[in-house]
Amino acid sequence: MTHYALVQAVTVAQELEAKGFLGTVGKIAAATIIFFIAIGLVVGLLLGYFIGRAVGRRQATRTPS
């Protein structure tokens with residue numbers, strides 16, 4: 001009976017440790033994805049701003065008909 005109780009205690013401890021590890025890995029993965037999305041948004045805004053200015057200049061120099 002004592003051996004069975006020890007095995008159960010070790011099993012429960014391993015499960016808790018595994019859940020904690022997977023939770024940490026999940027948080028790191030989520031933070032990485034959010035980081036790359038944020039970088040993409042900033043780069044997209046900068047590209048859109050500069051492309052918009054370049055296109056706007058071209059249209060502003062045209063003579064109205």
Side-chain angles (χ1 to χ4, degrees):
M1 183 67 178
T2 306
H3 181 265
Y4 177 76
L6 288 174
V7 170
Q8 288 298 97
V10 169
T11 304
V12 169
Q14 286 175 345
E15 284 181 18
L16 290 175
E17 184 180 357
K19 287 180 184 178
F21 175 74
L22 291 176
T24 303
V25 170
K27 288 177 187 173
I28 292 171
T32 304
I33 291 170
I34 290 170
F35 174 75
F36 282 119
I37 288 173
I39 295 265
L41 286 173
V42 170
V43 169
L45 283 172
L46 288 173
L47 281 173
Y49 174 75
F50 287 114
I51 291 172
R53 283 182 54 108
V55 170
R57 277 195 201 127
R58 256 188 248 142
Q59 289 177 352
T61 57
R62 292 183 183 167
T63 57
S65 51

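With a 4.5 Å cut-off between side-chain heavy atoms of Ile, Leu, Val, Met, Phe, Trp and Tyr, the cluster of Ile33 takes in Ile37, Leu41.
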Residues 43-52 side chain polar contacts: donor-acceptor under 3.5 Å, at least two apart:
from	atom 1	to	atom 2	distance (Å)
Tyr49	OH	Arg53	NH1	3.2

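Nearest approach of Thr11 to Val7, heavy atoms of both residues: OG1-O, 2.7 Å.
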